[in-house]
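Working notes for the structure below.
In this chain, numbering begins with 1 at the start of the sequence shown. Because the structure is a prediction, the values reported are computed rather than measured.
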Amino acid sequence: MPPRPPLDHWSRIAALRAALEEMGLDGLVLTRRGSIAYVAGVWAPWRSAVVVPVAGEVRLVTSKNDVERVRAETWIETTDSWTRSRERPFPNAVADHLADAALDGGRVGVEMGTADDVGVL
């Protein structure tokens, strides 16, 4: 089987951003595996999120035990981790990235739940 052509992630991000603007949103938080794979181009089997602002850097948060592999496989430069301890749980890590992207005071669409843990956010 011939290799697959590379995905054009920037076209996908541009389409998402256009839809966000049309809906009056400042950003989007994706948490489902399929959505993360579609945007980030990487399989993230642990609780993960991609933060997509209308303008600015796309960010990815995944489990500390898998962050190095995810960093190596995604095109997203800011790839961060969360821990199961009280040190930095998943919702806090996502909130940190919303604040860093100046979205903590804006209108943000949220994909509720994850494929393995519905309602986590």
Side-chain angles (χ1 to χ4, degrees):
M1 178 180 274
R4 293 182 192 166
L7 296 175
D8 182 1
H9 299 292
W10 290 113
S11 294
R12 292 178 177 190
I13 294 299
L16 276 173
R17 287 178 166 161
L20 292 172
E21 285 186 298
E22 188 175 304
M23 291 183 276
L25 296 173
D26 301 310
L28 178 65
V29 177
L30 300 170
T31 58
R32 295 193 181 273
R33 290 179 189 148
S35 303
I36 292 167
Y38 178 80
V39 171
V42 65
W43 178 248
W46 311 99
R47 194 179 301 170
S48 301
V50 173
V51 176
V52 182
V54 168
E57 184 180 23
V58 178
R59 299 156 179 266
L60 189 148
V61 177
T62 194
S63 175
K64 187 174 185 177
N65 67 333
D66 203 24
V67 71
E68 292 307 318
R69 179 194 63 83
V70 170
R71 276 186 186 137
E73 294 180 12
T74 188
W75 62 271
I76 298 174
E77 290 187 28
T78 299
T79 303
D80 195 7
S81 65
W82 61 272
T83 62
R84 291 201 181 269
S85 69
R86 292 183 181 185
E87 176 187 334
R88 189 173 189 223
F90 180 66
N92 295 36
V94 173
D96 289 347
H97 283 281
L98 289 170
D100 289 347
L103 294 173
D104 53 339
R107 292 188 66 211
V108 178
V110 178
E111 187 174 46
M112 296 304 292
T114 65
D116 63 341
D117 203 354
V118 176
V120 75
L121 289 176

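- Counting heavy atoms from C-beta on, the side chains of V61 and V51 never come closer than 4.5 Å.
- A search for side-chain contact (heavy atoms from CB on, under 4.5 Å) contacts involving D96 returns R88, not counting sequence neighbours.
- Sorted by first and then second residue, the ring pair (Phe, Tyr, Trp, His ring centres under 6.0 Å) pairs involving residues 48-70 (not counting sequence neighbours) form an empty list.
- Looking only at distances, a side-chain donor or acceptor of R17 sits under 3.5 Å from a matching main-chain atom of P53.
- Taking both residues in full, the closest heavy atoms of P89 and W82 are given as C-CB, 4.0 Å, listed atom of the first, atom of the second, then distance.
- In the hydrophobic clustering, W75 connects to W10, I13, L16, L20, M23, L25, L28, L30, I36, Y38, V39, V42, V50, V52, V54, V58, L60, V70, I76, either directly or through intervening members, whenever side-chain heavy atoms lie under 4.5 Å apart.
- Residues A93 and S81 come closest through the heavy atom pair CB-O, 4.2 Å.
- Scanning for side-chain contact (heavy atoms from CB on, under 4.5 Å) contacts around T78 gives E57, R59, H97, with sequence neighbours left out.
- For E22, the side-chain contact (heavy atoms from CB on, under 4.5 Å) test picks out no residue, with sequence neighbours left out.
- Of all heavy-atom pairs spanning S35 and E111, the tightest one is OG-OE2, 2.8 Å.
- The backbone N or O of R107 lies less than 3.5 Å from a partner atom in the side chain of D26, making a donor-acceptor pair.
- Among residues at least two apart or in separate chains, side chain to side chain donor-acceptor pair (under 3.5 Å) pairs with a member in residues 62-72 are W46-D66, S48-T62, S63-N65, D66-R69, E68-R71, R69-E73.
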